[in-house]
Amino acid sequence: MISFSGRTLSLHAKVQGDTVAIVVSGEMTVKNIALIEPLLHQLLEHPLPSKIFEWHLHEAKAFDSAAALLLYSFDEKARLLGATCRFYTNDNQQKIIDAVYQRDYQSGGVTYRPLGLVASVGTIAIKKYQSVKDFVAFVGELFSALMIYLLHPKQIRFKEIYYAIEESSVNALGIIAITTFLIGVVLAYQSAVQLKMYGANIFIVDMLGISVLRELAPLIAAIVIAGRSGSAFAAQIGVMKITEELDAMKTMGFDPYLFLVLPRIIALMLMMPLIIFFADVMAMLGGMVVASVELGISAQLFLDRFNEAVAMKHFWIGVSKGPFFGFIIASIGIFRGLMVKNDTRSIGVNTTKSVVEAIFMVIICDAVFSIIYTNIGI
Amino acid sequence: MYPVIEAKNILTRFGDTVVHRHLNLHVNRGEIYGLLGPSGCGKTTLMKEMVLLQRYQGGSMNVLGYDLNKITHKKAQELRQKWGVLFQFGALYSSLNIYDNIALSLREYTTISEALIAEIVSYKMDIVGLEQCVKEQYPSQISGGMKKKAGLARALVMDPELLFLDEPTSGLDPISAREFDALILRLREHFDLSIVMVTHDLDSIEATLDRAAILDNKRVVAEGSLDAIKATDNLFITTFFKGR
């Protein structure tokens, strides 16, 4: 009636009066029972041809618990239709079947019900609200730790600060140099073409000087540092949280805010202005190279014009953003690290968030500065 | 009874440090075999070499009839479906719930229907003594003992011939540890398993092991039944089994 022959497993079912004789041969194991699973559904299709299913398993060389479970669930369905199963087995197979039949548990899968629109909006809103609350708590802890630093300067961890300066800032200078130099080159190159048309070659100095010092160098430097050092803070502190290093520190009386958090924030707040200064230099260098190659403006001429046209205030405006950007990047990175839950996926999620949120907040902060400086007329 | 694992003249080096030299042992089919020895003697390293996680630098190893020295990628994949490995802390995938952790191999390597997968997963959870209600929980939400049981259910899901256990009773309370011993004996009975385990737990050693190897001084200093091992003259063995 129904028959299947595979390379490793075959099944033949034959109707004899009131019974169906099913002979299985080959390897009836978890690796290939999927081949005969659909056939068993066919055997039970309406109208049920017979009342008794005789399973002849002697020829099955291999037989495991998955196969026994397949027979068990077949038997269960057959019983609901008023049929019975009989198994003709060897001792080993009978042992496995008996083990499967001795059950006192409710089997079943896991159902995944997708949330409705309202429920998912609500879940997201609650999560966001929670994360804002957590951030407020973080900032509170931060300032109480800062008070301890100010009242007891002996508590300041200079070694940790130096270490953070080296790790997060000094070691980043290479990538800052390359990025900002190239930004200077690209910017100068694009504007050189336009300026040449008007014969306004020399104004490349004004244009580059003001845009780089005021806006571009601080922004590019902050983005690079957020991607490189902010993410490192998040991952490092996240792993320390998973391995319970943070808990160990707390039990030994080392406040993580004094030992880990503040040193990193202070280091980045101190170093960001210097990084921005370095970025200024590299970007102007890039512009100078293009100006001399493309527009024939010598380095001497470039510097003279720079002295005249670019006021000192542009430099100070750019550099003054440094501590704020540093605070944003370091605190978001560390905050995200502290938000890591006890599983590995949350490290990835929080590290990504640390970079995205830090860059976003840096740009917002930059916009706010823009408005303030314009309103006070500088 | 032919050996399921046979290691001959194994040499393992990390840089200049030699971990194993001229190490020989064999595990027979159907037995529960222990790898014992002082901390740092390379028990776990040896087990990692058996399950293709780490290379040895010399000698030969045969697992379930596969020669690990010249195993191809395809053969290795075949072999990996014939064994189950339980790591010391369960090593469950933290982004999957318990049910999906256990069902993973079934979904990847077979085309069995979800209904039957649910049957198989539930059965394996029942065998290892895991409540059915933890199915939807994530590894971070359950206790260490339950993680081990879930790890064991995951190791058993493909009905392996060979089971590796890395310190199965460490970190469990004495009652759970004895239950785990009974579980290991029951599993061997049910599934015709051969079991290799690294352990330090004396009660568990007495209760479950058929044979064992003592690793010390970079090699196997004694191999055989527990009685035979206890009769061997070695400082670690006399200290370890003192009063037993």
Side-chain angles (χ1 to χ4, degrees), chain A residues 6 9 27-41 62-77 91-113 241-244 340-349, chain B residues 78 81-82 84 91-103 105-142 147 153 156-161 186-187 189-193:
Chain A
L9 176 64
E27 291 170 9
M28 195 173 177
T29 63
V30 66
K31 289 181 191 101
N32 44 29
I33 52 171
L35 298 172
I36 58 169
E37 208 191 337
L39 298 181
L40 301 198
H41 292 297
F63 187 83
D64 65 10
S65 67
L69 284 162
L70 179 66
L71 296 179
Y72 176 86
S73 52
F74 177 83
D75 189 6
E76 236 181 5
K77 283 179 209 138
D91 290 349
N92 191 36
Q93 292 164 348
Q94 195 58 48
K95 191 178 76 184
I96 297 169
I97 291 176
D98 288 346
V100 166
Y101 270 77
Q102 279 167 17
R103 57 157 70 191
D104 54 357
Y105 63 89
Q106 200 62 44
S107 65
V110 177
T111 45
Y112 299 94
R113 245 175 289 113
K241 193 161 177 204
I242 285 189
T243 55
E244 296 184 317
V340 166
K341 299 267 167 359
N342 196 10
D343 68 271
T344 42
R345 193 172 53 169
S346 79
I347 292 193
V349 170
Chain B
E78 201 177 292
Q81 288 181 44
K82 293 187 179 179
L92 297 173
Y93 304 118
S94 55
S95 55
L96 300 177
N97 62 23
I98 302 304
Y99 181 86
D100 288 338
N101 257 289
I102 300 172
S105 291
L106 293 173
R107 292 197 179 127
E108 179 65 29
Y109 294 122
T110 74
T111 51
I112 293 173
S113 68
E114 276 301 315
L116 189 55
I117 286 180
E119 283 292 333
I120 295 174
V121 172
S122 307
Y123 177 65
K124 296 288 148 79
M125 286 177 74
D126 184 59
I127 283 187
V128 301
L130 211 53
E131 301 284 332
Q132 299 290 327
C133 59
V134 299
K135 272 180 189 148
E136 296 188 26
Q137 310 234 17
Y138 283 84
S140 55
Q141 299 169 320
I142 63 174
K147 275 184 206 166
L156 288 171
V157 78
M158 296 293 283
D159 280 82
E161 299 171 40
R186 210 163 61 235
L187 288 178
E189 204 52 47
H190 273 301
F191 295 114
D192 290 315
L193 275 168

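These figures come from a predicted structure and were not determined experimentally. Chain identifiers are assigned alphabetically (A, B, ...) following the order of the sequence lines, protein sequences preceding nucleic acid strands; residue numbering begins at 1 within each chain.
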Given that the side chain runs from C-beta out, which part of [X] has a heavy atom under 4.5 Å from chain B: side chain, backbone, both or neither?
| X | result |
| --- | --- |
| Asn32(A) | neither |
| Ser73(A) | side chain |
| Asp98(A) | neither |

What distance separates [X] [atom1] from [Y] [atom2], expressed to the nearest 0.5 Å?
| X | Y | atom1 | atom2 | result |
| --- | --- | --- | --- | --- |
| Ile112(B) | Leu70(A) | CD1 | CG | 8.0 Å |
| Asp159(B) | Ile96(A) | CG | CD1 | 7.5 Å |
| Lys95(A) | Asp192(B) | NZ | CG | 4.5 Å |
| Ser65(A) | Ile127(B) | OG | CD1 | 6.0 Å |
| Ile117(B) | Leu69(A) | CD1 | CG | 12.0 Å |

Assess whether atom CD of Glu78(B) is packed by more than 12 heavy atoms of other residues, nucleotides or ligands within 6.0 Å.
-> yes
Are more than 12 heavy atoms from other residues, nucleotides or ligands located less than 6.0 Å from atom CD of Gln141(B)?
-> yes
Locate the shortest heavy-atom distance separating [X] from [Y]; write the atom from each residue and the value.
| X | Y | answer |
| --- | --- | --- |
| Val30(A) | Val157(B) | CG2-O, 4.3 Å |
| Thr344(A) | Ser94(B) | OG1-OG, 2.5 Å |
| Met158(B) | Lys31(A) | CE-CG, 4.3 Å |
| His190(B) | Ala99(A) | CE1-CB, 3.2 Å |
| Ser122(B) | Tyr105(A) | CB-CE1, 3.6 Å |

Below 4.0 angstrom, N of the basic side chain to O of the carboxylate: do Glu119(B) and Arg103(A) qualify?
->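 Salt bridge flag = yes for Arg103(A) with Glu119(B).
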Could you tell me which of Thr111(B), Leu116(B), Ile120(B) has the largest number of non-hydrogen atom pairs under 4.5 Å with chain A?
->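 Of the options given, most contacts go to Leu116(B).
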Quick one: of Tyr99(B), Tyr123(B), Tyr138(B), who has the most non-hydrogen atom pairs under 4.5 Å with chain A?
-> Tyr123(B)
Count the heavy-atom pairs under 4.5 Å between each of Ile33(A), Thr29(A), Val100(A) and chain B, then report the option with the highest count.
-> Val100(A)
Apply the test side chain to side chain contact (heavy atoms under 4.5 Å, CB included) to residues Val121(B) and Val110(A): give CA-CA distance (whole Å), side-chain angles for both, the deciding distance (0.1 Å), then the verdict.
-> CA-CA 11 Å; Val121(B) 172; Val110(A) 177; over 6 Å; no
Side-chain donor or acceptor of Ser140(B) paired with backbone N/O of Asp343(A) under 3.5 Å =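 Here the side-chain-to-backbone pair does not exist.
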